[in-house]
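Take a look at the structure below.
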Protein chains: 4
Amino acid sequence: MGEHDAAGDPGRLLALSDGVFAIAVTLLVLDVGVRDGLDPAGFRRALRQTVPELLAYALSFTVIAAMWRDHRRIFAGVRRVDEVVIRLTVVGLGLVALMPFPTTLLADYGGRPQAVLIYSGAVVAVDAVHLWLLRYLASRPGMLAAPRPKAETRLLTADLTLTIAVFVLSMGLAYVSPTAAKWCWLLLVAVRLGLRWARGGRSAA
Amino acid sequence: MGEHDAAGDPGRLLALSDGVFAIAVTLLVLDVGVRDGLDPAGFRRALRQTVPELLAYALSFTVIAAMWRDHRRIFAGVRRVDEVVIRLTVVGLGLVALMPFPTTLLADYGGRPQAVLIYSGAVVAVDAVHLWLLRYLASRPGMLAAPRPKAETRLLTADLTLTIAVFVLSMGLAYVSPTAAKWCWLLLVAVRLGLRWARGGRSAA
Amino acid sequence: MGEHDAAGDPGRLLALSDGVFAIAVTLLVLDVGVRDGLDPAGFRRALRQTVPELLAYALSFTVIAAMWRDHRRIFAGVRRVDEVVIRLTVVGLGLVALMPFPTTLLADYGGRPQAVLIYSGAVVAVDAVHLWLLRYLASRPGMLAAPRPKAETRLLTADLTLTIAVFVLSMGLAYVSPTAAKWCWLLLVAVRLGLRWARGGRSAA
Amino acid sequence: MGEHDAAGDPGRLLALSDGVFAIAVTLLVLDVGVRDGLDPAGFRRALRQTVPELLAYALSFTVIAAMWRDHRRIFAGVRRVDEVVIRLTVVGLGLVALMPFPTTLLADYGGRPQAVLIYSGAVVAVDAVHLWLLRYLASRPGMLAAPRPKAETRLLTADLTLTIAVFVLSMGLAYVSPTAAKWCWLLLVAVRLGLRWARGGRSAA
């Protein structure tokens with residue numbers, strides 16, 4: 001690495017990013033657990049109570065992993081970063097690293113509108129930063145090793161915009177029905193899978 | 001890195017993986033400890049109680065390290081990843097990052113069948129994902145820099161299948177005797193060491 | 001990596017650094033949260049109490065991210081490190097990894113002079129080590145792949161010196177008024193942004 | 001990375017190692033802190049009680065950083081690793097990742113012989129593994145990109161042996177006087193600094 005790590009090289013920015021994503025995703029497990037020293041009946045009850053914790057874990061792992069996949073696609077082929085890219089990336093990482101907080105909130109208070117609101121707000125904020133990064137890089141082809149196919153930029157823009165729209169919608173729904181808001185998220189997964197299937201599969205790794 | 005990190009480059013996927021493995025393995029230590037402020041007798045008693053915690057730590061460190069070694073062997077020589085590989089890897093990481101939960105369960109409730117069942121289930125799930133990844137890559141030689149020797153694929157398949165079989169067996173045994181189930185795991189170590197020895201040692205780093 | 005990682009290669013030192021920065025920054029979230037099992041009124045009250053925690057999170061994320069950006073600029077183009085550089089970097093990392101402690105202190109006891117004093121002291125210590133590293137490398141051009149522009153060294157020196165001066169000043173102010181001391185920090189952000197703007201923007205990524 | 005990461009490449013082993021060292025060293029801070037909600041007098045008292053915690057933090061950060069520096073020197077120039085090297089490294093990492101446990105023990109029960117004994121034992125175990133790794137690599141020059149100077153191997157062997165000797169000695173002393181045992185460690189720092197000075201400084205980065 002050393003000698004190639006000139007002023008604009010993205011190597012360390014990506015190393016920091018992968019580190020933050022890896023840790024944010026791994027810290028989620030600290031919310032899953034059974035207290036020590038319970039009697040058999042208490043143990044079985046506590047074990048059943050880990051089910052919503054495991055669901056919140058699975059949801060947030062999926063959400064943060066999807067953010068990482070977007071991040072990876074946004075930075076694919078980038079060979080030079082400037083201060084704007086670094087600042088935007090760092091702000092995005094600050095929001096990603098915060099995700100364990102809304103995740104715990106959702107696991108413990110999933111029925112309260114505020115928990116759904118804060119969770120959705122965090123996702124919207126990360127995806128808005130990623131959308132900004134994508135558009136910024138799209139208008140500066142000199143930062144890429146090879147021009148990015150227009151179709152890939154369009155696809156990523158569509159994916160991020162759709163996710164933002166669904167989570168904003170779920171923020172509105174949260175005050176009517178937190179449960180309906182969460183069904184919105186499942187709808188998103190279905191729509192994205194459907195879209196990918198319609199496009200013919202694994203074109204964009 | 002920068003300029004080589006094209007769309008299908010595995011660099012960041014491996015960086016994320018190594019990060020998750022490193023953190024999952026290091027978080028295990030949070031379960032080992034002695035409460036502050038004990039009197040001399042309480043301190044000695046608490047110190048003796050760290051022995052099962054240290055055993056659970058050693059077991060899970062060994063298990064997760066073995067998963068990492070499998071992961072490293074599966075990805076050795078891979079120069080291009082597609083969306084299927086990324087998704088499978090991420091699902092595997094989600095299960096690896098969860099390991100501190102069954103580890104704590106085993107340390108605190110090692111005599112309960114459910115703890116042994118959940119622990120074994122988590123190991124089986126990770127190894128099933130790794131087996132899937134291995135078979136997927138084996139059928140797509142274009143993703144590798146050089147064709148992988150058939151013997152290496154066979155060996156890895158055998159190792160993963162054997163581990164899955166033993167842990168599934170221990171899941172069945174757990175309800176009869178959690179202790180017998182755990183002796184199964186030691187048997188696995190003995191068999192794998194024996195197999196390796198029979199094959200003549202360090203052929204596969 | 002392997003074959004290039006000769007005795008003086010900075011690769012692993014930077015990998016360790018990025019790891020420590022990523023973890024220090026991600027551990028900050030452990031201070032933000034709402035206790036489980038509250039009634040609706042208690043939940044709303046606890047949620048309001050996360051606001052100062054979120055502010056402390058945002059402040060420390062920004063501060064540590066700024067330290068990382070300085071670190072990245074100091075090591076840009078460095079192709080060889082000696083024992084002095086390694087030791088100074090490790091001391092700096094020890095102080096960066098400590099940051100979650102003054103951050104929690106500030107979130108919980110922001111009105112006490114000692115909290116402001118310890119927080120400022122930690123920032124001053126990290127920046128002093130970074131300044132030392134910068135000057136050490138500036139006087140050993142053989143360690144760099146290409147000579148660093150004098151303007152970049154001057155700029156970084158000015159940024160670090162200004163930050164140290166402001167935080168030392170805030171340490172003095174802390175005993176008069178902890179609040180005034182914290183306004184000092186906002187002043188710093190304004191001055192640095194102003195200076196950057198005056199220089200014409202993104203010259204130094 | 002991708003295409004170069006052939007079967008014996010040390011890249012991922014070093015990435016895992018740097019990750020584990022970075023996390024072990026950063027988790028140490030979780031032991032330093034002041035409880036929330038204290039009155040002014042309680043706050044000042046709690047703040048004074050962070051002093052031994054900070055000392056234990058500084059000691060363990062220094063110790064783990066020294067282990068990382070040894071690790072980096074042992075692997076400098078290694079371009080191929082076999083299964084023995086991987087297993088030894090993983091065992092070493094398992095011991096490094098455990099260090100937060102003896103560190104907390106020492107911070108909370110520094111006056112008890114057992115705490116000093118366990119702490120010293122952990123250090124001895126890590127350094128013994130590192131010594132084994134060093135000797136193993138020294139006898140297999142084919143694993144290195146260029147032959148390692150004999151003086152460097154001798155120097156590292158001496159450093160590791162000296163550290164092991166001092167910590168074994170302190171284990172013996174622990175039952176006579178835990179305080180004397182800890183003074184032993186300071187003696188080690190003085191001797192190592194003296195030796196380095198006598199050899200003329202930064203020959204070995």
Side-chain angles (χ1 to χ4, degrees), chain B residues 1 4-6 8-15 17-23 25-38 40 43-44 47 50 53-54 57-58 61-62 65-66 68-69 71-73 75-81 144-146 148-149 152 196 201-205, chain D residues 1-28 30-31 49 53 80-87 89-109 111-115 117-118 140 143:
Chain B
M1 209 180 238
H4 311 299
D5 206 70
D9 189 275
R12 293 193 62 190
L13 187 66
L14 298 181
S17 302
D18 289 337
V20 168
F21 276 104
I23 302 153
V25 113
T26 318
L27 285 183
L28 298 172
V29 80
L30 297 182
D31 277 336
V32 183
V34 168
R35 205 151 44 75
D36 195 3
L38 297 169
F43 174 67
R44 276 194 299 274
L47 213 50
T50 61
E53 292 171 2
L54 283 168
Y57 173 84
F61 201 100
T62 308
W68 177 80
R69 289 215 320 273
H71 191 278
R72 184 178 168 276
R73 284 168 69 189
F75 278 96
V78 170
R79 71 185 164 123
R80 204 172 60 75
V81 293
L144 285 100
R148 180 177 295 178
E152 166 69 0
R196 186 154 296 129
R202 77 205 54 131
S203 58
Chain D
M1 209 181 238
E3 40 228 299
H4 311 299
D5 206 69
D9 189 275
R12 292 194 61 190
L13 187 66
L14 298 181
L16 186 80
S17 303
D18 289 336
V20 168
F21 276 105
I23 302 154
V25 113
T26 318
L27 284 183
L28 298 172
L30 297 181
D31 277 337
Q49 280 164 4
E53 293 171 1
R80 203 171 61 75
V81 292
D82 64 9
E83 203 167 314
V84 176
V85 172
I86 293 178
R87 274 162 197 269
T89 306
V90 163
V91 169
L93 293 178
L95 293 163
V96 166
L98 196 57
M99 287 301 295
F101 162 55
T103 301
T104 312
L105 217 55
L106 201 70
D108 294 345
Y109 297 96
R112 302 281 165 77
Q114 296 97 325
L117 205 72
I118 291 172
R140 275 155 194 84
M143 290 191 170

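Quick caveat, the model's predicted, so the values are computed rather than measured. Convention: sequence-line order gives letters A, B, ...; per-chain numbering from 1.
- Using a 4.5 Å cut-off between heavy atoms, B:Arg80 makes no contact with chain D at all.
- When each of B:Pro40, B:Ala146, B:Ser17 is scored by its heavy-atom pairs under 4.5 Å with chain D, the top score falls to B:Pro40.
- Smallest separation of non-hydrogen atoms from D:Ala97 and B:Phe61: CB-CE1, 4.0 Å.
- No part of B:Arg148 comes within reach of chain D, as not one of its non-hydrogen atoms sits under 4.5 angstrom from that chain.
- Atom CZ in B:Arg73 sits 9.0 Å away from atom CD1 in D:Ile86 (nearest 0.5 Å).
- Only the side chain of B:Leu47 comes within contact range of chain D, with at least one heavy atom under 4.5 Å from a heavy atom of that chain.
- Annotation for B:Leu38 and D:Arg112: closest pair O-NH2, 3.8 Å, computed over non-hydrogen atoms.
- Between B:Phe75 and D:Arg12 the shortest side-chain heavy-atom distance falls below 4.5 Å.
- Both the backbone and the side chain of D:Leu13 come within less than 4.5 Å of a heavy atom in chain B.
- Contact detail for B:Thr26 and D:Ala24: the closest heavy-atom pair is CG2-N, 3.8 Å.
- Interface residue D:Leu27: only side-chain heavy atoms are found under 4.5 Å from chain B.
- Of all heavy-atom pairs spanning D:Tyr109 and B:Asp36, the tightest one is OH-C, 3.4 Å.
- Separation of atoms CG (D:Leu93) and CH2 (B:Trp68) is listed at 8.5 Å; rounding is to 0.5 Å.
- Nearest approach of D:Asp9 to B:Arg72, heavy atoms of both residues: O-NH2, 2.9 Å.
- Taking 4.5 Å as the limit, every side-chain heavy atom of B:Phe43 sits out of range of all side-chain heavy atoms of D:Asp108.
- Atoms OG1 and CZ, from B:Thr50 and D:Phe101 in turn, are 4.5 Å apart once rounded to the nearest 0.5 Å.
- When heavy atoms are compared at a cutoff of 4.5 Å, B:Thr62 does not approach chain D at all.
- In this structure, chain B has a heavy atom under 4.5 Å from the side chain of D:Leu105, while its backbone stays farther away.
- Of all the listed residues (D:Val90, D:Leu30, D:Val20, D:Leu98), the one sharing the greatest number of non-hydrogen pairs under 4.5 Å with chain B is D:Leu98.
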